[in-house]
There are 2 protein chains.
Amino acid sequence: MQVSNRFSIAIHMFACMEYFKKDYKITGDFIASSVGVNPVIIRKITSQLRDAGLVNVTRGTGGISASRAPEEITLLDVFNAVDSLDEGRLFSFHENPNSNCPVGSHIHLILDDKLERVQQAMERELSSMTIADVIRDTDKYVGKTAE
Amino acid sequence: MQVSNRFSIAIHMFACMEYFKKDYKITGDFIASSVGVNPVIIRKITSQLRDAGLVNVTRGTGGISASRAPEEITLLDVFNAVDSLDEGRLFSFHENPNSNCPVGSHIHLILDDKLERVQQAMERELSSMTIADVIRDTDKYVGKTAE
DNA sequence: ATTGGCGTAACTGTTGACATTACAACAAAA
DNA sequence: TTTTGTTGTAATGTCAACAGTTACGCCAAT
């Protein structure tokens with residue numbers, strides 16, 4: 001089990017948008033070249049980010065940009081946009097516990113809060129970081145001027 | 001994306017083992033009936049738990065039991081036994097970032113620590129709970145005597 | 001030797017991720 | 001207004017994981 005690479009790609013996309021926005025027009029093909037995947041992949045993820053209200057896309061002439069300040073886009077926002085959990089739950093659950101068994105009939109009561117705690121821990125950590133942190137580290141490691 | 005239901009099944013299995021161990025012989029078929037899945041599913045998970053050293057299985061005559069005290073089996077132990085992450089990583093990563101792009105060539109440096117933090121938050125929460133907590137809540141919700 | 005139960009291989013069906021091709025829709029510029 | 005570059009999306013293919021089932025071998029106690 002693994003989180004889809006759409007998540008790492010989406011963050012990479014934001015890093016590109018911010019880092020190159022002064023010097024280049026940020027198109028899907030431009031980003032695809034940096035990420036190293038087919039442009040259609042980028043377009044699909046772009047659509048997901050747009051549906052979540054995280055980016056603005058101008059059709060025709062082209063161009064993708066963040067629709068909010070980097071400090072106001074958390075990694076949880078990005079995660080939920082591109083990698084939605086089935087029914088909002090991180091953990092799947094066996095569907096037919098035996099209702100005639102004392103354990104089987106109470107297993108949800110026993111487990112649900114524990115699974116919820118783990119999911120919340122993950123979401124808490126994701127929401128503690130923002131695109132601004134990503135940009136800061138991009139500048140830190142790459143240098144502020146394009147090479 | 002979701003964690004496989006092997007995890008919820010595995011915890012259900014431990015709850016059964018402990019709750020019924022005084023009154024019944026705990027076989028794969030017995031557990032399968034409580035969980036509500038095919039016995040082979042239980043046998044497969046049993047094998048994973050055995051390989052991880054979490055349960056003892058006696059072949060032939062049958063019988064499955066926890067190999068350690070419930071307090072010493074964390075939910076992280078169970079998770080790692082039945083739902084191993086590819087290469088130990090919760091997040092997958094796009095494989096071919098452009099090494100000629102300043103962002104693409106540094107994206108791992110920028111992202112890896114952030115993904116690691118999220119994974120550690122999840123693992124920390126998983127390891128803070130044990131099978132003993134599950135047993136305690138089983139007794140709490142079901143009642144200490146079999147119905 | 002029989003029997004109950006675990007171990008596992010083999011097969012099926014379903015789903016999702018990832019990738020690619022192709023083309024329609026669109027907006028700005030020539 | 002036609003051209004051009006770009007986004008939007010449908011259709012298709014490949015692959016892997018999950019879940020389920022059947023079948024049968026192996027084991028140990030009775």
Side-chain angles (χ1 to χ4, degrees), chain A residues 1-10 12-13 16-17 24-33 35-52 55-65 67 79 82-87 90-97, chain B residues 1-10 12-13 16-17 24-33 35-52 54-65 67 79 82-87 89-97:
Chain A
M1 193 275 301
Q2 261 192 334
V3 174
S4 157
N5 68 14
R6 286 194 301 275
F7 182 61
S8 64
I9 292 176
H12 186 148
M13 290 171 63
C16 278
M17 287 180 228
Y24 298 89
K25 181 170 75 167
I26 310 298
T27 69
D29 283 23
F30 179 85
I31 295 176
S33 163
V35 175
V37 296
N38 190 288
V40 177
I41 305 288
I42 300 299
R43 288 183 219 150
K44 277 188 186 165
I45 297 176
T46 300
S47 295
Q48 293 180 301
L49 295 174
R50 169 174 48 74
D51 292 347
V55 299
N56 292 318
V57 188
T58 54
R59 213 168 151 165
T61 175
I64 305 168
S65 61
S67 62
F79 180 84
V82 302
D83 213 313
S84 68
L85 305 171
D86 296 0
E87 300 175 13
L90 175 60
F91 293 91
S92 65
F93 210 106
H94 50 295
E95 290 190 342
N96 301 304
Chain B
M1 193 275 300
Q2 262 192 335
V3 173
S4 156
N5 69 14
R6 286 195 300 275
F7 181 60
S8 63
I9 292 175
H12 187 147
M13 289 172 63
C16 276
M17 286 180 228
Y24 297 89
K25 180 169 75 166
I26 310 298
T27 69
D29 283 23
F30 179 85
I31 295 177
S33 163
V35 174
V37 296
N38 189 289
V40 176
I41 305 288
I42 300 298
R43 285 183 221 152
K44 278 186 186 167
I45 297 175
T46 300
S47 294
Q48 292 181 300
L49 295 174
R50 170 174 48 73
D51 291 346
L54 302 182
V55 300
N56 292 318
V57 188
T58 54
R59 215 168 152 164
T61 175
I64 305 169
S65 60
S67 63
F79 180 85
V82 301
D83 214 312
S84 69
L85 305 171
D86 296 2
E87 300 176 12
R89 293 210 177 77
L90 176 59
F91 293 90
S92 65
F93 209 106
H94 50 296
E95 289 191 341
N96 301 305

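Atoms CD1 (A:Ile9) and P (C:dC18) sit 7 Å apart, rounded to a whole Å. In this structure, B:Leu49 atom CG and C:dC6 atom C1' are separated by 14 Å, rounded to whole Å. Distance, B:Asp86 CG to D:dA16 C1': 10 Å, rounded to whole Å. In this structure, A:Glu95 places its CD atom 13 Å from C1' of D:dG20, rounding to the nearest Å. Atom pair A:Met1:CE and C:dG16:P shows a separation of 16 Å (rounding to whole Å applied). Atom CG of B:Leu85 is separated from atom C1' of D:dA16 by 16 Å (rounded to the nearest Å). If you measure from atom NE2 of B:His94 to atom P of C:dA19, you get 11 Å, rounded to the nearest angstrom. Between the C1' atom of C:dC6 and the CD atom of B:Gln48 lies a distance of 15 Å, rounded to the nearest Å.
Between A:His94 and B:His12, the ring planes are tilted. Angles from 30° to 60° get that label.
Remark: B:Glu95 pairs with no residue by the salt bridge (charged side-chain N to carboxylate O under 4.0 Å, His left out) rule, at least two apart or across chains. Annotation: salt bridge (charged side-chain N to carboxylate O under 4.0 Å, His left out) contacts of B:Arg59 (sequence neighbours excluded): none.
Within the 4.5 Å cutoff, side-chain heavy atoms of A:Met1 are placed close to those of B:Leu90. Contact of the A:Arg50 side chain with the A:Ser47 side chain is registered, since non-hydrogen atoms from C-beta on lie closer than 4.5 Å.
Within the structure, every side-chain polar atom (N or O) of B:Ser92 is placed at least 4.0 Å from both OP1 and OP2 of C:dA17. Here A:Asn5 reaches the OP1 or OP2 of C:dC18: one of its side-chain N or O atoms lies under 4.0 Å away.
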B/S/- along nucleotides 4-12 of chain D (protein heavy atoms under 4.0 Å) is -BBBBB---

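With A:Leu49 as the fixed residue, the side chain to side chain contact (heavy atoms under 4.5 Å, CB included) test singles out one of A:Asn56, A:Val57, A:Val55: A:Val55.
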